[in-house]
Amino acid sequence: MDVKLVNRGAVGELILSGDLDTRTARDADQLFAQLVPRFTTLILNMQGLNYISSAGIRSIRNVYLMLIRKRGKLEITNVNDNVMEVFEMTGLAGLLNIR
């Protein structure tokens with residue numbers, strides 16, 4: 001998975017591409033943990049994300065919980081049909097702010 005950060009002051013947008021799976025989830029967790037203290041809002045732009053596994057879903061859930069604890073928010077944008085199906089199957093589609 002490749003990640004590009006766009007810093008907009010209190011808002012950080014992460015542009016994701018590739019796969020968020022068992023192989024890349026640990027790196028994503030570390031990145032999210034570094035960014036949550038820096039930003040009030042994180043936007044995960046998934047336009048280039050092809051695939052997400054259960055490990056990737058866990059990473060998304062964890063960053064969501066970290067942000068909620070600090071009264072921040074997580075936004076998810078540009079989700080393709082395959083990734084959206086995984087969000088719906090896991091019940092996260094109803095919990096997350098996906099647009």
Side-chain angles (χ1 to χ4, degrees):
M1 180 180 76
D2 292 318
V3 180
K4 178 182 174 187
L5 172 63
V6 179
N7 185 339
R8 296 191 176 114
V11 176
E13 180 177 9
L14 295 171
I15 301 169
L16 309 177
S17 60
D19 297 338
L20 181 51
D21 55 17
T22 304
R23 203 172 30 85
T24 59
R26 180 164 287 164
D27 291 337
D29 289 338
Q30 291 173 353
L31 177 64
F32 295 154
Q34 291 173 359
L35 295 177
V36 164
R38 289 179 50 193
F39 298 104
T40 304
T41 300
L42 277 180
I43 300 170
L44 301 183
N45 183 334
M46 297 188 170
Q47 183 174 3
L49 193 69
N50 301 318
Y51 172 78
I52 190 167
S53 72
S54 59
I57 289 293
R58 189 170 35 257
S59 294
I60 301 296
R61 184 202 66 203
N62 289 343
V63 72
Y64 169 78
L65 292 173
M66 285 188 280
L67 284 161
I68 291 298
R69 283 186 205 113
K70 68 172 260 181
R71 300 192 195 286
K73 66 181 187 176
L74 177 68
E75 296 179 9
I76 298 177
T77 62
N78 300 314
V79 179
N80 72 33
D81 291 340
N82 294 332
V83 173
M84 189 63 182
E85 185 176 338
V86 175
F87 282 136
E88 289 171 348
M89 287 175 23
T90 60
L92 283 179
L95 181 67
L96 300 173
N97 179 13
I98 302 174
R99 51 184 175 94

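Put simply, Phe32 and Phe87 are part of the same group of oily side chains (I, L, V, M, F, W, Y) that touch within less than 4.5 Å, one to the next. Using a 4.5 Å cut-off between side-chain heavy atoms of Ile, Leu, Val, Met, Phe, Trp and Tyr, with links allowed through other members, Leu67 and Ile43 fall into different hydrophobic clusters. Val11 and Leu42 fall into different hydrophobic clusters, defined by Ile, Leu, Val, Met, Phe, Trp and Tyr side-chain heavy atoms under 4.5 Å apart, directly or through other members. Clustering ILVMFWY residues whenever any of their side-chain heavy atoms sit less than 4.5 angstrom apart, transitively, puts Val6 in a cluster other than the one holding Leu35.
Taking both residues in full, the closest heavy atoms of Val3 and Leu16 are given as CG2-CD2, 3.7 Å, listed atom of the first, atom of the second, then distance. Closest approach of Ser59 and Asp29 over heavy atoms only: OG-OD1, 2.6 Å. Scanning both residues, Ala25 and Gly56, for their nearest heavy atoms gives CB-N, 4.3 Å.
Within a 6.0 Å sphere centred on NZ of Lys4, heavy atoms belonging to other residues, nucleotides or ligands number 12 at most.
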ask   = Can Met1 and Leu31 be said to form a side-chain contact (heavy atoms from CB on, under 4.5 Å), step by step?
value = CA-CA 12 Å; Met1 180 180 76; Leu31 177 64; 5.8 Å; no

inquiry  = Applying side-chain contact (heavy atoms from CB on, under 4.5 Å) to Arg69 and Val36, what does each step give before you reach the verdict?
reply    = CA-CA 10 Å; Arg69 283 186 205 113; Val36 164; over 6 Å; no

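Note that CD of Glu13 is 9.0 Å distant from CG of Leu44, once rounded to the nearest 0.5 Å. Distance CG/Asn78 to CE/Met84: 12.5 Å, rounded to 0.5 Å. The OG1 atom of Thr90 lies 11.0 Å from the CD atom of Glu85; values are rounded to the nearest 0.5 Å. Taking CG from Leu49 and CG from Asn80, the interatomic distance works out to 7.0 Å, rounded to the nearest 0.5 Å. Distance check, rounded to the nearest 0.5 Å: OH of Tyr64 to CG of Leu92 gives 9.0 Å. Expressed to the nearest 0.5 Å, how far CE of Met46 lies from CD1 of Ile60 amounts to 4.0 Å.
Under the 4.5 Å side-chain criterion, counting only non-hydrogen atoms from C-beta, Lys73 is in contact with Thr41. Looking at Phe39 and Leu14, their side chains never come closer than 4.5 Å, going by heavy atoms from C-beta outward. Looking only at side-chain heavy atoms (C-beta outward), Leu5 and Arg38 come within less than 4.5 Å of each other.
Under the 4.5 angstrom side-chain criterion for Ile, Leu, Val, Met, Phe, Trp and Tyr, Tyr51 has no cluster partners at all.
Between the side chain of Asp21 and the main chain of Thr24, a donor-acceptor pair closer than 3.5 Å is present.
Residues forming a salt bridge (Lys or Arg N to Asp or Glu O under 4.0 Å) with Arg99 (at least two apart in sequence, or on another chain): Glu75.
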